[in-house]
Protein chains: 2
Amino acid sequence: MQPECIKMQRISRLIAIENIIRSEKVSSQEEIIRKLGKMGIKCTQATLSRSLKQLGVVKVPDGRGGYRYSFVSDHVPQIQAEAKYDLVNVIRSIIEVKGMILIKTSPGYANSVAITIDNYGRYEIAGTIAGDDTLLVIPRDNVSPAHVRNILEMIFPGIHSMTG
Amino acid sequence: MQPECIKMQRISRLIAIENIIRSEKVSSQEEIIRKLGKMGIKCTQATLSRSLKQLGVVKVPDGRGGYRYSFVSDHVPQIQAEAKYDLVNVIRSIIEVKGMILIKTSPGYANSVAITIDNYGRYEIAGTIAGDDTLLVIPRDNVSPAHVRNILEMIFPGIHSMTG
DNA sequence: GAAAAAAATGAATAAATTTGCAACCAGAAT
DNA sequence: ATTCTGGTTGCAAATTTATTCATTTTTTTC
């Protein structure tokens, strides 16, 4: 009967939603509805909510006090377990300096270790600074170096026994 | 009242929240509140909402019809695009550690920010050390971190309001 | 092609989350 | 100590998002 547009409705909406989210900053569903409207696509907030769930969309804090929609898949799942395991072996020493942790590694590996620590995303660790074979792990105020060492042990199991 | 000074309240709450979210599946803020309660940490849902925003937590569709809270591995996808022209936008956080100022930036930008600070030539700033996405601004002896923050505000107008 | 089954949608509603505001608290400045 | 200042919080209200239910649309099956 109708060889024409059959059920493109849903699909084109999904595509439009993705385009909107990828191209501009949107921070509420109502906002998306409005933009869809301008593109000639109409749907209710209920449907949009379901669509976002299907697309795997998340509302992330933008770090500036607001939120924005984004795709989960863009926030690459971390964990390169094996690489992490190898990294334990490049660590040569761990000492405490001025309430911070100083780690010596094989030449060229400091940055990899630092990135691994950063990716672990522990709040207690304010940050890391890496040179070529040395990195500094800086605890937040009121966080003890000992606590940080425990965290490091979690990230790099066996690390302390190896380095004494 | 409490004889002890408690500034750790906030920090320990953030840490607890992170632990909960990393270790178990939670799908609503009320649920997190309950678990915090069992750990002896009490706060309202409003505060939790704000904490989640600060921590960069998102509610992601779990692909099974439900949702779960999770951390966004790498913050701020689009900021990067806009950031190329304005260094202020690559600055993600500024905190005080050990009397120094630790600045986190988008990946790869720490050095640019450090150079900008160095070039500004303020006597109060003894020097900077930059890694890939983190830099340390070291005040001269007897120069307060707060003062350094003021200087930073001069170099990067709007910096604090954005990262606070 | 018609009936049955499955999927999708809107309206209304419930549930969950965010925010404005005033109070509060700790630290810095005076 | 007293005042300022900036940040944190709870409360209540506002906003935003998810879901229930009834209905419609599409797909499947016979």
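Every chain is numbered from 1 and lettered A, B, ... according to where its sequence line falls, protein lines coming before strand lines.
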Handout entry: Atom pair distance, as rounded to whole Å: CZ in A:Arg50 and C1' in C:dA12
Key = 12 Å
Handout entry: C:dT9 OP1/OP2 closer than 4.0 Å to side-chain N/O of A:Arg13
Key = yes
Exercise for the section: Tell me what B:Ser49 touches on the nucleic acid: a base, only sugar-phosphate, or nothing, going by heavy atoms under 4.0 Å. Expected result: base
Handout entry: N or O in side chain of B:Gln29 less than 4.0 angstrom from C:dT18 OP1/OP2
Key = yes
Problem - Sub-4.5 Å side-chain heavy-atom contact between A:Lys104 and A:Leu135 - result: no
Fill in the blank from the handout: Per nearest nucleotide of DNA chain D, the residue lying toward the 5' end, B:Ala46 or B:Gly65, is B:Ala46
Fill in the blank from the handout: note: A:Ile17, atom CD1; D:dT17, atom P; distance rounded to Å ~ 13 Å
Problem - Integer-rounded Å distance: D:dT17 C1' and A:Leu55 CG - result: 16 Å
Completion exercise
B:Gln45 has its side chain closest, among C:dT17, D:dC11, C:dG10, to C:dT17
Handout entry: Under 4.0 angstrom between B:Thr47 side-chain N/O and D:dG10 OP1 or OP2
Key = yes
Handout entry: Side-chain donor/acceptor of B:Ser51 to backbone N/O of B:Thr47, under 3.5 Å
Key = yes
Fill in the blank from the handout: Checking D:dT17, D:dC11, C:dT17 against the side chain of A:Tyr69 (C-beta onward), the nearest is D:dT17
Problem - Interatomic distance where CD belongs to B:Glu31 and P belongs to C:dA16 [whole Å] - result: 10 Å
Practice task
Examine D:dT16: is either OP1 or OP2 under 4.0 Å from a nitrogen or oxygen in the side chain of A:Lys59? Give yes or no.
Solution key: no
Exercise for the section: Starting at atom CD1 of A:Ile33, determine the distance to atom P of D:dT15, rounded to an integer number of angstrom. Expected result: 17 Å
Exercise for the section: Using modelled atom types only, decide if a donor and an acceptor are shared between the side chain of B:Glu31 and the backbone of B:Ser27 within a distance under 3.5 Å. Expected result: yes
Handout entry: Toward the 5' end of DNA chain C, by each residue's nearest nucleotide, A:Tyr67 or A:Cys43
Key = A:Cys43
Exercise for the section: In plain terms, say whether A:Glu18 and A:Arg22 are close enough for a salt bridge, that is, a side-chain N and a carboxylate O under 4.0 Å apart. Expected result: yes
Practice task
In whole angstrom, give the distance that lies between atom CZ of A:Arg10 and atom P of C:dG10.
Solution key: 13 Å
Handout entry: Side-chain N,O (B:Lys53) to OP1/OP2 (C:dT18) below 4.0 Å
Key = no
Completion exercise
The side chain to side chain contact (heavy atoms under 4.5 Å, CB included) partner of B:Pro145 among B:Val97, B:Leu102, B:Ile101, B:Ile95 is B:Ile101
Handout entry: Atom-to-atom span, CZ of A:Arg34 to P of D:dT15 - whole angstrom
Key = 13 Å
Practice task
Mind calculating the distance between CZ (A:Arg68) and P (C:dT18) to the nearest angstrom?
Solution key: 17 Å
